[in-house]
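Values below: every heavy atom of this structure, side chains too, minus hydrogens, waters and symmetry copies.
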Amino acid sequence: MARRHDMSAIAERQGHRLFEALDGFDAPPGYRAEILGDEGIVMSPTPSGLHRHNVWRLDELLHPNLPPRTRTEGRLEVRMFGIGRSVIPDLFVAPVEVLATPEHWVPPEEVLLAAEVVSPGSKEHDRSRKLGIYPAAAIPLYLLIDPLRRAATLYTTPEGGEYRESETVAFGKPLDIPEPFGFTLDTGAFRAC
């Protein structure tokens, strides 16, 4: 038991050092830095215009259906100390009070929904890695808009580090977003690649 505790403490110290390195990291123009796995800090190119268009459309569709005293965000990190990860979702929803932070990150327990729009450079991260990260951090809803596959998927019910339920629809078909949002997403609003 003591050995396991020692290893946990070592991993926690290493994780905090990695977060400190991320805080001091100066990503070159056109890139963003995240911690997606054990390899450390990962740089990803910033999105294309088509990608940003789909994020903007999602934001526009979410806005009238946001729970009271929440808003969308697309620039802050969601920092997950418990699992040693840090991501910058394309869009997420959290309480206004949480987003009005002096920090450049928020804790995952405050995130109601995380959304990613797949691009050629992010498909592995969005479809696979983040599909493991978000449920491990107990984010209740993960919405994946995939213009490459012309489909949208909603993952729900995080349990044991994975989402227990999901629904995928082709662009043009409705996708129900449960409470606290409680609306039907018009996936025909997104542009395919």
Side-chain angles (χ1 to χ4, degrees), residues 8-49 51-117 119 121-122 125-126 129-145 155-156 158 161 163 177 179-181:
S8 176
I10 291 168
E12 186 174 325
R13 281 194 304 275
Q14 289 172 337
H16 285 294
R17 281 195 290 265
L18 194 53
F19 287 123
E20 288 172 7
L22 182 63
D23 287 339
F25 193 79
D26 188 18
Y31 285 85
R32 62 182 176 186
E34 301 173 296
I35 302 170
L36 301 177
D38 293 334
E39 68 275 9
I41 297 171
V42 175
M43 286 194 312
S44 305
T46 53
S48 69
H51 180 276
R52 289 303 309 158
H53 172 81
N54 283 328
V55 172
W56 172 78
R57 288 296 289 145
L58 177 59
D59 191 25
E60 189 175 62
L61 295 168
L62 279 173
H63 187 76
N65 301 290
L66 292 174
R69 296 176 302 284
T70 66
R71 71 173 171 86
T72 59
E73 174 58 55
R75 301 203 186 269
L76 293 176
E77 279 176 61
V78 178
R79 189 167 282 189
M80 306 159 193
F81 290 100
I83 61 171
R85 301 293 183 261
S86 172
V87 299
I88 303 171
D90 286 324
L91 203 65
F92 69 93
V93 177
V96 171
E97 302 81 43
V98 171
L99 296 173
T101 176
E103 301 293 340
H104 57 270
W105 57 270
V106 299
E109 57 271 11
E110 300 292 348
V111 175
L112 303 176
L113 176 145
E116 299 289 355
V117 175
S119 64
S122 73
H125 297 311
D126 295 342
R129 285 185 164 186
K130 291 181 181 180
L131 183 54
I133 292 171
Y134 291 140
I139 293 175
L141 303 172
Y142 176 34
L143 180 57
L144 183 67
I145 306 298
Y155 297 93
T156 62
Y163 286 109
I177 310 297
E179 295 297 336
F181 300 90

Could you note down all residue pairs passing salt bridge (charged side-chain N to carboxylate O under 4.0 Å, His left out) where residues 131-143 supplies at least one of them, sequence neighbours left out? none

Below 4.5 Å, heavy atoms only, C-beta onward: do Val106 and Val78 meet side chain to side chain? yes

For Ala136 versus Ile83, what's the shortest heavy-atom pair and its separation? CB-CD1, 3.9 Å

Using side-chain heavy atoms (C-beta onward) and a distance below 4.5 Å, is Glu77 in contact with Glu103? no

Restricting to side chain to side chain contact (heavy atoms under 4.5 Å, CB included), what partner residues turn up for Glu73, sequence neighbours left out? Arg71, Arg75, Leu76, Phe92, Leu99

Please round to the nearest 0.5 Å and tell me the distance separating atom OH of Tyr163 and atom OH of Tyr142. 8.5 Å

With rounding to the nearest 0.5 Å, note down the distance linking CG in Leu66 to CG in Leu113. 9.5 Å

Atom NE2 of His125 and atom CG of Leu131: how far apart are they, to the nearest 0.5 Å? 14.0 Å

Quick check: closest heavy atoms across Val98 and Pro107, and the distance to 0.1 Å? CG1-CD, 4.4 Å

Exam field: side chain Glu116 to backbone Asp90, donor-acceptor pair closer than 3.5 Å: yes

Take Leu91 and Leu62, measure what side chain to side chain contact (heavy atoms under 4.5 Å, CB included) needs, and give me the verdict at the end. CA-CA 10 Å; Leu91 203 65; Leu62 279 173; 3.8 Å; yes

Distance check, rounded to the nearest 0.5 Å: Thr156 atom OG1 versus Leu143 atom CG? 11.5 Å

Spacing of Ile145 atom CD1 and Asn54 atom CG [to the nearest 0.5 Å]: 8.0 Å

Nearest heavy-atom neighbours spanning Pro135 and Gly161: CG-O, 3.6 Å

Val87 versus Tyr134: any side-chain heavy-atom pair under 4.5 Å? yes

Looking at side-chain heavy atoms only, is the closest gap between Trp105 and Met80 below 4.5 Å? no

Shortest non-hydrogen contact between Pro140 and Pro158, atoms and distance: O-CD, 3.8 Å

Roughly how far apart are Thr72 OG1 and Leu112 CG, rounded to 0.5 Å? 12.0 Å

